[in-house]
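Values below: every heavy atom of this structure, side chains too, minus hydrogens, waters and symmetry copies. By convention here, the first residue in the shown sequence is residue 1.
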Amino acid sequence: MMGLSGIESLKGSLSITGNSSAPGGRYERVKVVGEGVVDGDVDCSRLKCIGTIALNGSLNSEQIALIGTGSFSGDVCTGQMKLTGTAAVGGDARMNKLRGSGSVETKGSLSAEQLKLAGQLLARGDCAADKFNLQGMFEIGGLLNAGEIDIRLYQDSKVQEIGGEHISIRKASLSNPLNYFFFRPHRQASLSVTVIEGDDIYIEHTKAAVVRGNRITVGPGCEIGLVEYKESFEKKKGAQVSEYRKL
């Protein structure tokens with residue numbers, strides 16, 4: 001039954017319309033249209049927000065669809081998150097799939113089987129994925145570890161270490177008008193990292209102390225201290241490598 005507060009709870013589901021608050025708990029579905037505040041942990045099959053949701057607790061949901069802004073003070077665990085906007089997680093974020101555009105921030109670690117994001121990624125801890133596809137900028141406080149890594153740099157980014165099987169880091173194209181949809185790529189955008197280690201590595205506009213792998217190509221705009229390779233190494237025009245050796 002709909003009340004004056006704009007909160008409706010029907011058959012185990014929670015619906016917030018307008019500007020309202022509700023308690024946490026176990027729900028079948030949670031839907032917010034407007035501005036909603038939820039106090040306490042939430043366990044549901046699906047959460048959908050068009051507007052703003054502030055959840056003071058942890059969230060466990062099979063599916064999350066967020067158009068707008070979502071803040072979660074605790075951990076977030078989900079099978080799939082579709083994002084158009086901003087998601088801020090106060091703890092760890094664990095999900096099978098993360099897709100969308102906008103900004104994702106975690107004060108803990110982030111893990112996903114598949115991550116495809118256009119925008120900004122900020123993680124204070126480690127970031128782990130099977131497939132990591134990012135167009136934009138990122139800051140990761142620990143290790144980025146993924147089987148496949150494909151990064152297009154829009155602005156300066158940094159991470160402590162990168163490990164993966166196939167690693168591709170390139171500067172975003174300035175000539176593609178679609179790249180201006182989110183924010184303008186910076187001509188001097190670069191990635192700062194201590195160590196990169198993988199099987200197949202191609203990097204551009206990257207500053208690293210050590211790059212180690214089987215097959216390595218160092219492209220334009222790179223400043224590398226040491227390259228250690230097992231099978232092949234190529235240095236493109238405009239790249240700086242202080243030292244290289246075959247393992």
### Task
Check side chain to side chain donor-acceptor pair (under 3.5 Å) between T69 and all other residues, then give those that pass, not counting sequence neighbours.
none
### Query
If you measure from CZ on R29 to CG on L14, what distance do you get to the nearest 0.5 Å?
13.0 Å
Side-chain donor-acceptor pairs of residues 123-130 under 3.5 Å, sequence neighbours excluded:
{"residue": "D126", "atom": "OD1", "partner": "L143", "partner atom": "N", "Å": "2.8"}

### Task
State, with a plain yes or no, whether a side-chain heavy atom of L153 is found less than 4.5 Å away from one of F138.
yes
### Pairwise salt bridge (Lys or Arg N to Asp or Glu O under 4.0 Å) hits with a residue in residues 235-247, at least two apart
E228-R245, E234-K236, E243-R245
### Task
Would you please test D75 and R94 for side chain to side chain contact (heavy atoms under 4.5 Å, CB included) and show each step?
CA-CA 8 Å; D75 298 336; R94 300 182 298 274; 4.2 Å; yes
#### Entry: Partner residues of D92 under the salt bridge (Lys or Arg N to Asp or Glu O under 4.0 Å) criterion, sequence neighbours left out
none
#### Entry: With sequence neighbours excluded, residues passing salt bridge (Lys or Arg N to Asp or Glu O under 4.0 Å) with D199
none
### Query
Does the pair V38 and V32 meet the rule for a side chain to side chain contact (heavy atoms under 4.5 Å, CB included), with working shown?
CA-CA 10 Å; V38 180; V32 176; 5.5 Å; no
### Partner set under side-chain contact (heavy atoms from CB on, under 4.5 Å) for Q114, not counting sequence neighbours
K97, R99
### Query
Can you name the residues that form a side-chain contact (heavy atoms from CB on, under 4.5 Å) with K131, not counting sequence neighbours?
E148
### Task
Not counting sequence neighbours, list each pair that qualifies as a ring-ring contact (aromatic ring centres under 6.0 Å, His included) and has a residue in residues 206-238.
Y229-F233, F233-Y244
### Message
How close do R212 and V210 get, counting heavy atoms only, and between which atoms?
### Response
NH2-CG1, 3.6 Å
### Task
Nearest 0.5 Å please: distance from the CZ atom of R152 over to the CD1 atom of I169.
10.5 Å
### Sub-4.5 Å side-chain heavy-atom contact between Q120 and Y154
no
### Message
If I take atom OG1 from residue T206 and atom NZ from residue K171, how far apart are they, to the nearest 0.5 angstrom?
### Response
11.5 Å
### Message
Tell me whether V241 shares a hydrophobic cluster with V211, the cluster being built from Ile, Leu, Val, Met, Phe, Trp, Tyr side chains joined at under 4.5 Å.
### Response
yes
#### Entry: Nearest atoms (heavy-atom pairs only) where Q155 meets S157
O-OG, 3.1 Å
Per-pair distances, 0.1 Å, donor-acceptor, side chain in residues 42-52, under 3.5 Å, sequence neighbours excluded:
{"residue": "D43", "atom": "OD2", "partner": "R26", "partner atom": "NH1", "Å": "3.4"}
{"residue": "S45", "atom": "OG", "partner": "E28", "partner atom": "O", "Å": "2.3"}
{"residue": "S45", "atom": "OG", "partner": "E28", "partner atom": "OE2", "Å": "3.1"}
{"residue": "R46", "atom": "NH1", "partner": "Q63", "partner atom": "OE1", "Å": "2.8"}

## Note on the structure
On a heavy-atom basis, the closest approach of G74 and S58 is CA-OG, 3.6 Å
### Query
Going from CG on L121 to CG on L115, what distance comes out if it is rounded to the nearest 0.5 angstrom?
6.5 Å
### Summary
Interatomic distance, CE@M137 vs CG@L191, rounded to 0.5 Å, equals 10.5 Å
### Message
According to side-chain contact (heavy atoms from CB on, under 4.5 Å), who are the partners of K230, at least two apart in sequence or on a separate chain?
### Response
N214, L247
### Task
Provide the closest heavy-atom pair for T17 versus S20 in the form atom of the first, atom of the second, distance.
O-OG, 3.6 Å
### Query
Does D156 offer a backbone N or O that forms a donor-acceptor pair with the side chain of S190 under 3.5 Å?
no
### Task
Using the test side chain to side chain donor-acceptor pair (under 3.5 Å), find all partners of N96 that sit at least two apart in sequence or belong to another chain.
none
### Query
With E231, which residues qualify under salt bridge (Lys or Arg N to Asp or Glu O under 4.0 Å), at least two apart?
R215
### Summary
All heavy atoms of A93 vs all of T106, minimum pair found to be CB-CG2, 3.8 Å
### Summary
Interatomic distance, CG@L144 vs CG@L134, rounded to 0.5 Å, equals 9.5 Å
### Task
Please report the shortest heavy-atom distance between H205 and C222, naming the atom on each side.
N-SG, 3.6 Å
